Amino acid sequence: MGRELRLIEGDAAMRARLFKQGAAHKYAHGHALVLAGGLGLTGAARLAARGALRVGAGLVTVAAPAAAMPECAAQLTAIMLRQVDDADALAGLLADSRLNALCLGPGLGVSEGTRQMVTVALAVQRATVLDADALTAFAEVPEALFARLHPATVLTPHGGEFARLFPDLAKQGAADPGRPPAARAELVRAAAERAGAVVLLKGAETLVATPRGACALNDATGPRAAPWLATAGAGDVLAGLIAGLMARGVDAGAAAETAAWLHVEAARTVGPGLIAEDLPEALPAVLRELAG
Ligand SMILES: NC(=O)C1=CN([C@@H]2O[C@H](COP(=O)(O)OP(=O)(O)OC[C@H]3O[C@@H](n4cnc5c(N)ncnc54)[C@H](O)[C@@H]3O)[C@@H](O)[C@H]2O)[C@@H](O)CC1
Ligand SMILES: Nc1ncnc2c1ncn2[C@@H]1O[C@H](COP(=O)(O)OP(=O)(O)O)[C@@H](O)[C@H]1O
C-alpha cells in the first residue's frame, strides 16, 4: 500500500504521443502484425487489426492460416493479409524487421500451436501484445510464459485470464470489482513484477502496471461510466489499439494507458447500442476532440 496510483487522463503528454506531424511516410509510423485463428474464428483478430490501423499504425497486416485466408480476404481492405500456418512460417515472416509490433491471442485458439507462435514472437524481442488465448494457452504453465517475456510486452488479461496466470493474486482480490483500485493496484504491480512485462487488468476500473512498480488507473465508473463496453470483442479492439500505438513507437506502459483511455472515450462517444466494430470507427471523433 501507499505507492502512487496515477489516474490516466487525456493530457498534453497523451496528445503529444497521438498526433502525427510533418512529412513522415507510412513506414515511419510502424507496421503492426496481428495473428488470426482458423476458419470462423478470425473476427477477433480483424477487430484488433482495425483498432491498430485507426490509432495510427502506418500499416497493419493480419496473418492467417490457409483455411482462413478467404474469410479474411473477404473482410479486409486497408488491412493487408499474409498466410501464416504455423510457428515456422511466423518466424519466416518476422525476418522482416519492419513488422515492429505484434499482437497475438484474439481468436487464436488454446493450443500447443498458440504456445509455439507466442514463443517465436517473444524471441524476436519486438513490441508485443499478448491477449486472450495467448494468455489462456499458458494457464497450466505460466512460468514458461514469464521466462520468455520482455519489458516491451503488454499482457491484457480480463479477470478470468488474470486468474489463470496469477491464481494467488486473483485469490487476494486483484480482479474483484468490489475492492478499491488502490488495493488491487498492489496485486497488479506484483503480477507485472513477476511477469517482467506490463500488465493491463481489464474492467470498469482498468489497472496498468509496469514491472518497475508504476501503476495507473483508467476509471470508467461514475461520470465516465461506459457499461456498453461489456460486449463481445471490445477487448480484442483494445489489444489492437495497444499494438498500433507500439508500432508507432510508444513504449509499452504509455501505449497500454493511452489505449485504455481512448477505448473508453470511443465507447462513450457511441453510447448505448455499442458493438465492438464501432470502437475503431469512433476514434477519429475522439482524436479530433482531444486535439481541441
Ligand atoms: N468476434 C469474435 O471473434 C470474438 C472472439 N472472441 C475470442 O473468443 C475467445 C474466448 O474469449 P472469452 O473472453 O470469451 O473467453 P475465455 O476463454 O477467457 O473464458 C471465459 C470464461 O472466463 C470467465 N471469466 C471470469 N472472469 C471474467 C472476466 N472478468 N471477463 C470475462 N470472462 C471472465 C467467464 O465467466 C467465462 O466462463 C478468445 O480468443 C477471444 O479473443 C471474444 O473476444 C468475443 C468476440
Ligand atoms: N462494465 C464495464 N465498464 C467499462 N468497461 C468495461 C466494462 N466491462 C468490460 N469493460 C471493458 O471491455 C473490454 C472487455 O474485454 P474482454 O473481457 O477481453 O472481452 P472480449 O474478449 O469479448 O473482447 C475490456 O477493455 C474491459 O475493460
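For this chain, numbers begin at 1 and follow the sequence in order. Every number for a ligand or one of its atoms is a count from 1 in the order of the listing. It should be emphasised that the depicted structure is a prediction, and the values quoted were computed from it without experimental measurement.
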- Item | L7 CG to E9 CD distance, which is reported to the nearest 0.5 Å | 5.0 Å
- Query: Hey, does the side chain of T258 reach the backbone of A254 with a donor-acceptor pair shorter than 3.5 angstrom?
  - Reply: yes
- Item | Within-cut-off N or O pair, A220 and ligand 2, under 3.5 Å | no
- What is the minimum heavy-atom distance between V286 and W261, and which atoms define it? CG1-CZ3, 4.5 Å
- Counting both backbone and side chain atoms, is some N or O of D236 under 3.5 Å from an N or O of ligand 2? yes
- Task: Report yes if some heavy atom in the side chain of L187 is under 4.5 Å from a heavy atom in the side chain of F166; otherwise report no.
- Result: no
- Item | Ion pair R50/E277, N-O distance below 4.0 Å | no
- Message: At under 4.0 Å between heavy atoms, is it the side chain or the backbone of R46 that contacts ligand 1, or both, or neither?
- Response: neither
- Test item: side-chain donor near acceptor, T61 and R82, under 3.5 Å: no
- Measuring from L33:CG to L35:CG, what's the distance to the nearest 0.5 Å? 5.5 Å
- Query: Does E257 pair with R6 as a salt bridge, N-O distance under 4.0 Å?
  - Reply: yes
- Message: Counting only heavy atoms, tell me which of G235, A226, A260 gets closest to atom 23 (O) of ligand 2.
- Response: G235
- Quick one: does L229 get an N or O within less than 3.5 Å of an N or O on ligand 2? yes
- Item | Heavy-atom nearest neighbour in the protein, as seen from atom 25 (O) of ligand 2, with distance rounded to 0.1 Å | H263 CE1, 3.1 Å
- Could you tell me whether atom 33 (C) of ligand 1 has a protein heavy atom closer than 4.0 Å? yes
- Message: Test your reading of the structure: does P227 have an N or O sitting under 3.5 Å from an N or O of ligand 2?
- Response: no
- Task: Look up atom 41 (O) of ligand 1 and tell me if a protein heavy atom lies less than 4.0 Å from it?
- Result: yes
- Heteroatom distance test (A132, ligand 1): nitrogen or oxygen, under 3.5 angstrom: no
- Could you list the atoms of ligand 1 found under 4.0 angstrom from a heavy atom of G105? 39 (O)
- Query: For ligand 1, which atoms have a heavy atom of G159 less than 4.0 angstrom away?
  - Reply: 26 (N), 28 (C), 29 (N)
- List every atom of ligand 1 that sits less than 4.0 Å from any heavy atom of D236, numbering the atoms from 1 in the order shown and giving each element. 4 (C), 5 (C), 6 (N), 41 (O), 42 (C), 43 (O), 45 (C)
- Query: Can you check whether F138 reaches R164 side chain to side chain, under 4.5 Å on heavy atoms?
  - Reply: no
- Item | Crowding at CZ, R15 (>12 non-hydrogen neighbours, <6.0 Å) | yes
- Item | Shortest heavy-atom approach to atom 25 (C) of ligand 1 - which of A44, A276, G160 | G160
- Which atoms of ligand 2 have any heavy atom of H158 under 4.0 Å away? 17 (O), 18 (O)
- Item | D176/K171 salt bridge by N-O under 4.0 Å criterion | no
- Task: Distance to 0.1 Å, residue and atom name: give those for the protein heavy atom nearest to atom 8 (N) of ligand 2.
- Result: A230 CB, 3.5 Å
- Query: Counting each atom of ligand 2 from 1 as listed, which ones have a heavy atom of A234 under 4.0 Å away?
  - Reply: 12 (O), 13 (C), 23 (O)
- Is_contact(atom 16 (P) of ligand 1), protein non-hydrogen, under 4.0 Å: yes
- Task: Show your working on salt bridge (charged side-chain N to carboxylate O under 4.0 Å, His left out) between E265 and R224 and close with a plain yes or no.
- Result: CA-CA 8 Å; E265 291 304 305; R224 205 165 167 258; 2.7 Å; yes
- Item | Polar atom proximity, G107 to ligand 1 (N or O, under 3.5 Å) | yes
- Task: Pull out every atom of ligand 2 sitting under 4.0 Å from any heavy atom of L238, numbered as shown with elements.
- Result: 25 (O)
- SB check K202 D131 (cutoff 4.0 Å): yes
- Item | Minimum-distance pair of heavy atoms, taken over all atoms of V208 and A256 | CG1-CB, 3.7 Å
- Hey, which atoms in ligand 2 end up nearer than 4.0 Å to a heavy atom of A232? 22 (O)
- Message: For ligand 2, which is the ligand I care about here, please tell me if A204 has any N or O atom under 3.5 Å from one of the ligand's N or O atoms.
- Response: no
- Item | Nearest protein heavy atom with distance in Å, relative to atom 27 (O) of ligand 2 | G203 N, 2.9 Å
- Is there at least one pair of N or O atoms, one from D133 and one from ligand 1, spaced under 3.5 Å apart? yes
- Query: Tell me, do M117 and L104 make a side-chain contact under 4.5 Å, heavy atoms counted?
  - Reply: yes
- Note on the structure: With heavy atoms and a 4.0 Å threshold, my read on which part of E161 contacts ligand 1 is side chain
- Query: Quick one: does ligand 2 sit under 4.0 Å from the side chain of K202, the backbone, both or neither, non-hydrogen atoms only?
  - Reply: both
- Message: Is it the case that the side chain of D278 and the backbone of I275 share a donor-acceptor pair, with hydrogens and angles ignored and the cut-off at 3.5 Å?
- Response: yes
- In ligand 2, the atoms that come under 4.0 Å of a heavy atom of T206 are 27 (O)
- Any non-hydrogen protein atom less than 4.0 Å away from atom 29 (N) of ligand 1: yes
- Query: Any heavy atom of R164 sitting closer than 4.0 Å to ligand 1?
  - Reply: yes
- Closest to atom 45 (C) of ligand 1 among protein heavy atoms sits G233 N, 3.5 Å
- Please work out which of the three classes, parallel, tilted or perpendicular, describes the rings of H31 and Y27, given edges at 30° and 60°. perpendicular
- Message: Checking a contact table here: which protein heavy atom is nearest atom 12 (P) of ligand 1, and how many Å away?
- Response: H158 NE2, 4.2 Å
- Query: For ligand 2, which atoms have a heavy atom of G233 less than 4.0 angstrom away?
  - Reply: 20 (P), 22 (O), 23 (O)
- Would you please say whether a donor-acceptor pair under 3.5 Å links the side chains of Q116 and E112? yes
